[in-house]
Amino acid sequence: MKDQLKDLLIKCIKELISKGILNEMPSRVRIDHTKDKSHGEYATNIALMLSKQAKKSPTELAKIIIDQLEDTSFIKKIEVAGPGFINFFISEESSTSIVNDILDQGSLYGRSKIGQGQKVLLEYVSANPTGPLHVGHGRGAAYGATLSNLLRSVGFKVDNEYYVNDAGRQMDILTVSIYLRYLTHCGENLRFPDNGYQGQYINDIAQVIYENSGHEFFQNSDLLFESVSKDGLEGGDKEIHIDQLIEQSKSILGESFKVIFKVGIESILSGIKNDLAEFGVVFEKWFSEQSLIDNGHSELCISKLKDSKNLYKKDGALWFKTTKFGDEKDRVVVRENGNHTYFASDIAYHNEKLDRGYDKIINVWGADHHGYIPRVKASIDALGHNSNKLEILLVQFANLYRGGSKVQMSTRSGSFVTLEDLRMEVGNDAARFFYILRKSEQHMDFDLDLAKSKTNENPVYYIQYAHARICSVFRQANEKELELDKSQANLSLLTEDIEKSILRELSRYKSVLESSAVQYEPHQLAYYLKDLATHFHSYYNACKFIVDDKELTQARLSLIHATRQILINGLSILGVSAPESM
RNA sequence: GCGCCCAUAGCUCAGCUGGAUAGAGCAACGGCCUUCUAAGCCGUAGGUCAUACGUUCGAAUCGUAUUGGGCGCGCCA
């Protein structure tokens, strides 16, 4: 309907251009759903935009445009209003046709092809596999997964990917942390390093190793700590302390170090995978950072940069001239000690992503990484790809509130609320919904008490309740041996104000979905569903659906069935369930 | 100091990329269950859109400055 109007308008403007009344096509012809129903169903500001080039007043021009519009059956009335808006009133017959469209297309209703099958690589979460996911990662997970659903629903081909940082020093620290806990299980008495991972999960992994392998990996801890310098809290340097401990462990344990590492990372990764899967977040690919090093891709990228004269040596390290591409300072890719930086892997990773032939690459990052964007883009351009293909979406932090005060979190000490804890406490539905309810660039306060509350305050239940109520109506209808039969429905009987409002709401769904997807703003859909639920609840309280008049009953049942369908379709994109009873 | 993000009702937030009288929920106050789920509905009250200039037919929305908050500026990841 909206598209038909738009086509009509464009045609009309072309006509006016050929008549010399207008000079050129505006950059954008917009038809909007009206906010106020006294303005009709749709409106356009086109006359206001073009009044200058036409050298006529907006109202005057609006009249000319209206006269030029072809007659169409679905428009009941067109009027000029306010400063020069053109308002379209749609005929009853056309506005009720949305109900049949929805009923016919069912779960497919709302899908569109504006993505034109473009291939998109969507990377999100990508939390370091050094421990379980916490609530901060949850926001990225919910946002990314919803965005993926949204983009798919409007015709993009989306692959979801998790970049696993399974290389580098942090993995060594992880391994040592697990190993020391393992030794404790073996009965050793030792001092756990300040810089080790303190969380209980480390202990759990160590215990499993001990239960499965007994003393197989045992080494005397005195040997391990021999000539290792003092730790931070002992008056030494905690970084040096742990690095020496890593070196010592590697040389004493040999192959066993790798075995411990493997058990550790697999355990943590499978925990993360399970957690996400239960949260309804599914990745097509888990991309290993280590694989880039093993297959030489990382090295290859560095030599390419070297060949293109983008690298230089300084203070013993190898630097990448990212300033040449707009970064504020140059960045190190190979350290003085010969190790590659995290950035070196990331150069290879992004280059590899683009090699895979995607039309668009989207990264969802925590807002604290924003300073990292210019250097990644620099590396893409330097290696001959187009950095415009990469879009980085920043998601702000989520603060957790309980009982009106902020829940403090500290990752290193292991005292943080895990995503699993959150899901268990408030449920998957509320968690998914709350995470995407805020604009991603907005700081967010996640109120645990609110997410759990079963009131109007909590929009998740509010929407689900609307759905459950509709299901309940159909259960009642069934008991009266009444089946929905839209052929018997006389939709023209839907004349109540609230019924017209619901029809308006339903007709908005498609454009909300598109705008939500294209602008990467899942919250738009969430707010829409809330509005739709509001309209339904009003309807429920104002009118009875199952009445004596058979045609009217069928019409109303059709309307609420269509409403139910939209609620289901929308909620499923948000990854929220639609229970039939509550 | 430099860079990015943010500032809208007492609170938590929308505001469809410049449009018509700025909207919800909560909190406050007043109503609605012998009728399809009261996790609901209806109503009242509440705003100098941080401040000041500017751009134009028109600004919460765009620009500049100021104020106030968050984050980032490692040979960490």
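These figures come from a predicted structure and were not determined experimentally.
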The Watson-Crick or G-U wobble partner of B:U44, with both key distances under 3.5 Å, is B:A28

Q | Stacking check A:His369 vs B:G72 (5.5 Å / 30 deg) | A | no

**Message:** Heavy atoms only, 4.0 Å cut-off, all strands: where does A:Lys313 land among base, sugar-phosphate and nothing?
**Reply:** nothing

| task | Report yes if the ring of A:Tyr540 lies under 5.5 Å from the six-membered base ring of B:C41 with planes under 30°, and no otherwise. | result | no

inquiry  = Determine whether A:Asp346 and A:Arg375 satisfy the following criterion, salt bridge (Lys or Arg N to Asp or Glu O under 4.0 Å), listing intermediate values before the conclusion.
reply    = CA-CA 10 Å; A:Asp346 240 10; A:Arg375 76 189 78 164; over 6 Å; no

Practice problem: Remember a base hit wins even if backbone is also touched, and classify A:Arg438 as base, sugar-phosphate or nothing at under 4.0 Å, heavy atoms. | Solution: sugar-phosphate

For a quick check of understanding: with a heavy-atom distance under 4.0 Å over all strands, which category does A:Glu336 fall into, base, sugar-phosphate or nothing?
base

Base, sugar-phosphate or nothing for A:Ser511? Non-hydrogen atoms, less than 4.0 Å. nothing

Counting any heavy atom closer than 4.0 Å, what does A:His523 reach on the DNA or RNA strands: base, sugar-phosphate only, or nothing?
-> sugar-phosphate

From the candidates B:C75, B:C16, B:A38, the one with an atom nearest any side-chain atom of A:Arg469 is B:A38

When the C1' atoms of B:C11 and B:C71 are considered, how many whole Å apart are they? 24 Å

Those residues at least two apart in sequence (or on a different chain) that pass ring-ring contact (aromatic ring centres under 6.0 Å, His included) with A:Phe88 are none

Checklist entry - What is the nucleic acid contact for A:Asp36, judged by heavy atoms within less than 4.0 Å: base, sugar-phosphate only, or nothing? => result base

Touch class at under 4.0 angstrom, heavy-atom based, for A:Phe474 against every strand present: nothing

Closest of B:C57, B:C36, B:A77 to the A:Lys544 side chain is B:C36

task: Please indicate yes or no: is the ring centre of A:Phe85 less than 5.5 Å from the centre of the six-membered base ring of B:A20, with the two planes inclined by under 30 degrees?
output: yes

* Asked: Should the pair A:Tyr349 and A:Tyr163 be assigned to parallel (<30°), tilted (30 to 60°) or perpendicular (>60°) ring geometry?
  -> parallel

So does A:Asp346 reach the base of B:A77 with its side chain, donor to acceptor, closer than 3.5 Å?
no

Look at all strands and tell whether A:Tyr527 reaches a base, only sugar-phosphate, or nothing, counting heavy atoms closer than 4.0 Å. sugar-phosphate

Q) Going through the checks in order, is the ring pair (Phe, Tyr, Trp, His ring centres under 6.0 Å) test met by A:Tyr143 and A:Tyr435? A) CA-CA 7 Å; A:Tyr143 178 76; A:Tyr435 272 131; over 10 Å; no

When all nucleic acid strands are considered with a 4.0 Å heavy-atom cut-off, which category describes A:Asp315: base, sugar-phosphate, or nothing? base

**Q.** Heavy-atom donor-acceptor pair, A:Asp368 side-chain to B:G72 base, under 3.5 Å
**A.** no

### Residues A:Glu580, A:Arg564; criterion salt bridge (Lys or Arg N to Asp or Glu O under 4.0 Å); working and verdict
CA-CA 10 Å; A:Glu580 300 201 348; A:Arg564 177 182 170 217; 3.7 Å; yes

Distance criterion of 3.5 Å, no angle test: do you see the side chain of A:His370 paired donor-to-acceptor with the base of B:G3? yes

